[in-house]
Amino acid sequence: MRSVLSKRDLRQLEFLELLMNCGPVALSRISEETNYPIRTLSADIKQMNAYLWPIQVVTGAEGVTLEIPPGSSIREAYSLLLRQSREYQLISYLFFNEGKTQEEIAEDLFIGVSTLRRMIGAMNHALQSRDMHIHSAPFRVEGDESRISQLYIGLFSELSYDGGSLITARERETLVELCAGMTEEIGMKLNYPDLIRITIWVYVRLGRIKHGHHTNYAKEEAAYFQSKLIENAALCEKFYSVFGVPLTNELLFELFRLFLRKGFAKNYGHMQAIAAASSVHRLLLAGIDELIGRVAKSLEISSKDTAPLRLDLFNITQLADQPTHILYCKEKVFTEGFMRSHGAIAPIIRKNIETVLGQASSSAMYEIFYLLVTHWPSLIEKLKKEAPGITIGLLFDSDIEHAQMIADIIRQYSKVSLQIMIPELEDMNPVSMLCKGIDLLVTDIPELDTPCRETVCIQEYPTSRDWRNVLLAEERIYRQKIMKAQGPA
């Protein structure tokens, strides 16, 4: 929820995103596009560099650029901006400290009481659009409990991908054991990222429940729920010692209700049974089938390998209209990156989603686009086949076996689709032959005059510097082909 940010933080976020999407750009141009004075932007750069480290906004002769070291990423920049936001510091604070006085809150957050009041007033204006608000007697976040949970899940996930800065080691150990046991009991298969997400989800719900905040659900559903975990005396004792509340069937039901509700399908057969018993879910499954059928027909790919995809779409689309991100939406970043790199296929997928789903939210669009592209084996295979290839010509003044050995090593090092050409003995003019239709010439002959797009000269047994030059040349050529395929912006 960007609207919760202060005007300064929102301005700096817009500045940051502008730099993410373009190369060096003059500060004067940024000022014109954003309508912010150069003096304000210059001050922003100093402030941003203080909290974004090791990511830096650099001003040089060519303009302003965003420098991200190899161990960092754009995602980290969003997280660092979020951490210094006073508004989200307050929201996080209230999760752990309900009922504090305004004087105590102001002192703990190092701000004045009048500043705190103004900040809460502005935040409530933004939060009310999501049926939430900060209550002042006592101080706590109130409103639609489901949306409040989504707010905290998104916040804690973006502050730290595994909640490491918020959850103690003992709490994490207990929650991981609980989540692993519960998901195994209900027949869910998890990988590590799944377990992390569910752990944060349960941590948020548990924290809210301990303060008396419950979601709306049918009590009769919980009454019929019985978990074998309650029979695990060691786990129940550990849970109570760590969190101070007893582990009961009712608590487990509310913590894991997302996966225990009637509409959640545990496997493909269960999904079909749910659809057979409910007209709402039957229509949902029909829409999924239509979407997959349309995309398969448009791209001329098989839809026979989409059972896991259908199951994921069935479960996730029921919640996709309720975004859990605060500033950084991974599915949005993925979708926009894919759209830039696959100008032919991406619009077809998006058009079919829009045709079937109509006026779905942007959050749902990104989620479904992401699932289609990453969970459909036939679509992934088509992308592999249509990715730009690079043709490399090898010319050595030694022998064919030497060239073949170098070709094998290049294949091991390379990360793109390659077609390597080696001249045969009957080629009387190998340079002329190789330069027909090749992108990169790799040779051990220095100062070779060729019309090739790129030429890299290496030693007879390539050094690390030689491999670096070959890979950099491949990357330049690949980028040029991608940009050509995308067409003019």
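For the single chain, residues carry numbers from 1 onward in sequence order. What you see below is based on every heavy atom in this structure, not just the backbone, and it leaves out hydrogens, waters and symmetry mates.
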Test side chain to side chain donor-acceptor pair (under 3.5 Å) applied to R476 - qualifying residues, sequence neighbours left out | E454

Between F314 and H281, is the ring centre distance below 6.0 Å?
-> yes

Using the six-membered ring wherever Trp is involved, compare the ring planes of F256 and F259 and label them parallel, tilted or perpendicular (cut-offs 30° and 60°).
-> tilted

In chain order, what residues pass the side chain to side chain donor-acceptor pair (under 3.5 Å) check against S92, with sequence neighbours excluded?
-> none

Is a salt bridge present between K238 and E173, judged by a nitrogen-to-oxygen distance below 4.0 Å?
-> yes

Verify whether the ring centers belonging to F15 and Y36 lie closer than 6.0 Å.
-> no

Quick one: side-chain contact (heavy atoms from CB on, under 4.5 Å) partners of K332, sequence neighbours excluded?
-> C329, E336, Y366

Between R2 and E17, is there a side-chain N and carboxylate O pair less than 4.0 Å apart?
-> yes

Residues in salt bridge (Lys or Arg N to Asp or Glu O under 4.0 Å) contact with R11, at least two apart in sequence or another chain = D44

Note: L371 and I316 closest approach over all heavy atoms is CD1-CD1, 3.9 Å

Only counting residues at least two apart or in another chain, list the ones meeting side-chain contact (heavy atoms from CB on, under 4.5 Å) with R468.
-> L472

Verify the distance criterion only: is there a donor paired with an acceptor across the side chains of E104 and N97 at less than 3.5 Å?
-> no

Tell me, please, which residues at least two apart from E142 pass side chain to side chain donor-acceptor pair (under 3.5 Å).
-> R140

Qualifying residues under salt bridge (Lys or Arg N to Asp or Glu O under 4.0 Å), relative to R282, sequence neighbours excluded | none

Salt-bridge criterion met for K228 and E185 (N-O under 4.0 Å) | no

Steps toward side chain to side chain donor-acceptor pair (under 3.5 Å) verdict (R170, T174) | CA-CA 6 Å; R170 183 68 169 159; T174 306; 4.8 Å; no

Ring-ring centroid check F369 F334, cutoff 6.0 Å = no

Under the salt bridge (Lys or Arg N to Asp or Glu O under 4.0 Å) test, which residues partner R208, sequence neighbours left out?
-> E98, E145

Nearest heavy-atom contact between L155 and Y88 is CD1-CD2, 3.7 Å

Residues at least two apart in sequence or cross-chain that pass side-chain contact (heavy atoms from CB on, under 4.5 Å) with S72, listed by chain then number, are P54, I55, I68, P69, E76

Would you mind listing every salt bridge (Lys or Arg N to Asp or Glu O under 4.0 Å) that reaches into residues 297-313, with sequence neighbours excluded?
-> D289-R310

Tell me yes or no: between the side chains of T34 and E14, is some donor less than 3.5 Å from an acceptor?
-> no

Looking at residues at least two apart in the chain, or sitting in another chain, which of them share a salt bridge (Lys or Arg N to Asp or Glu O under 4.0 Å) with E290?
-> R294

Pair Q12-Y51, side-chain donor/acceptor within less than 3.5 Å | yes

Taking only residues two or more places apart in sequence or in another chain, which ones pass side chain to side chain donor-acceptor pair (under 3.5 Å) with E171?
-> T168

